[in-house]
Amino acid sequence: DGGITQSPKYLFRKEGQNVTLSCEQNLNHDAMYWYRQDPGQGLRLIYYSQIVNDFQKGDIAEGYSVSREKKESFPLTVTSAQKNPTAFYLCASSKRGKAGGSNEQFFGPGTRLTVL
Amino acid sequence: ILNVEQSPQSLHVQEGDSTNFTCSFPSSNFYALHWYRWETAKSPEALFVMTLNGDEKKKGRISATLNTKEGYSYLYIKGSQPEDSATYLCAPEGGRRALTFGSGTRLQVQP
């Protein structure tokens, strides 16, 4: 089965601790994305990567970091600098956008992070 | 950050009713417009990706239109069914080739 996996589903951390959320895909997609959802709000883009070893800040990158060392993996680290880390985090992937076209994104099941 | 607005925020309809939602977005630097359906306890799923002004797409009872010049898209559901209950998200794609999502329209269809 091809798809995107995120682990864990629920994560609890103490304030001041860094935490890394996993995202793995076996769809052979070049592009991967991280979003955050807060109650009553839409998905907000944290970071995205169009190709291995390259990534760009999204709209709310402060307090987060990512790496893209492998095509299949795009882990997100929530650092202690993130002021309000409690949220639902979604990872997505897509074929790399080509000139004149656009590709749908496929989403993982999400990780709900609670910082105590 | 693009300003993406969806209306209404929520909608309750009876089974069999037809309904439509609106997504408005900046018309400058436009590349594509995506619609997603997000059911409770599931992941968002793509409905349509539209790129050309005047595009119309259809999937079963759901269809969408796109006006890139004035910056809006409509999503229509004909004869709503309880299984259509979900949050419908639109997301324009700009030059950076990443999506900016609206806050969604939450649809509930009563049997």
Side-chain angles (χ1 to χ4, degrees), chain A residues 1-6 9-10 23 25 27 29-51 54-62 66 74 88-112, chain B residues 1-10 21-26 29-53 55 57 59 62 64 66 68 73 86-106:
Chain A
D1 275 341
I4 301 177
T5 56
Q6 290 185 244
K9 190 172 181 179
Y10 298 96
C23 177
Q25 54 97 0
L27 299 168
H29 286 167
D30 286 303
M32 297 187 74
Y33 311 84
W34 273 105
Y35 297 94
R36 166 182 173 142
Q37 192 205 23
D38 295 281
Q41 296 195 38
L43 299 174
R44 292 186 290 167
L45 182 66
I46 304 172
Y47 268 97
Y48 62 107
S49 167
Q50 297 284 4
I51 198 165
D54 188 40
F55 49 83
Q56 289 77 40
K57 292 182 179 179
D59 301 320
I60 54 165
E62 186 175 349
V66 293
F74 192 39
F88 185 63
Y89 292 86
L90 272 171
C91 178
S93 71
S94 71
K95 294 179 184 178
R96 189 176 180 187
K98 57 185 187 295
S102 182
N103 298 296
E104 64 186 285
Q105 293 187 9
F106 293 81
F107 286 83
T111 292
R112 188 167 295 280
Chain B
I1 300 176
L2 297 179
N3 184 26
V4 182
E5 295 187 0
Q6 290 190 246
S7 62
Q9 278 190 322
S10 65
F21 323 134
T22 304
C23 172
S24 63
F25 53 88
N29 202 26
F30 172 86
Y31 205 89
L33 192 283
H34 296 232
W35 279 101
Y36 288 82
R37 175 168 61 198
W38 194 357
E39 296 178 66
T40 302
K42 294 185 178 180
S43 304
E45 288 185 334
L47 286 172
F48 306 113
V49 180
M50 297 183 286
T51 55
L52 300 176
N53 185 44
D55 249 356
K57 298 237 174 170
K59 186 183 288 188
I62 304 177
L66 177 65
T68 61
S73 176
T87 297
Y88 292 82
L89 301 169
C90 76
E93 180 177 353
R96 66 179 179 175
R97 307 310 303 275
L99 305 184
T100 301
F101 282 86
S103 55
T105 292
R106 185 174 179 180

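In what follows, chains are A, B, ... by sequence order, proteins preceding strands, each numbered from 1.
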Report summary line: Among B/Gly104, B/Pro44, B/Ala98, B/Ser103, the residue with the most heavy-atom pairs under 4.5 Å to chain A is B/Pro44

**Report entry** B/Leu47 versus chain A, the contacting section by heavy-atom distance below 4.5 Å
**Finding:** neither

Query raised in the report: How long is the gap from CG on A/Leu90 to CZ on B/Phe101, to the nearest 0.5 Å?
Result: 9.0 Å

Requested in this report: Quick one: closest heavy-atom pair of A/Gly108 and B/Ser43, and the distance?
Outcome: O-OG, 2.7 Å

Requested in this report: Could you look at A/Phe106 and say if it's the side chain, the backbone, both or neither that has a heavy atom under 4.5 Å from chain B?
Outcome: neither

Requested in this report: Calculate, to the nearest 0.5 Å, the distance between atoms CG and CZ belonging to B/Leu99 and A/Arg44 respectively.
Outcome: 16.0 Å

Requested in this report: Give, for atom CZ of B/Arg97 and atom CD of A/Gln56, the distance between the pair rounded to the nearest 0.5 Å.
Outcome: 12.5 Å

Query raised in the report: So with a 6.0 Å cut-off around CD of A/Gln41, is the heavy-atom count from everything else above 12?
Result: yes

Query raised in the report: Are the side chains of A/Glu104 and B/Trp35 in touch, meaning some heavy atoms are under 4.5 Å apart?
Result: no

Query raised in the report: Checking heavy atoms, do the side chain of A/Phe88, its backbone, both or neither come under 4.5 Å from chain B?
Result: side chain

Query raised in the report: Between B/Val49 and A/Asn103, does a side chain to side chain contact (heavy atoms under 4.5 Å, CB included) hold up when you go through it step by step?
Result: CA-CA 7 Å; B/Val49 180; A/Asn103 298 296; over 6 Å; no

Query - Evaluation steps, side chain to side chain contact (heavy atoms under 4.5 Å, CB included), between B/Arg96 and A/Leu45 - result: CA-CA 12 Å; B/Arg96 66 179 179 175; A/Leu45 182 66; 3.8 Å; yes

Requested in this report: Measure B/Tyr36 against the heavy atoms of chain A and call it side chain, backbone, both or neither at under 4.5 Å.
Outcome: side chain

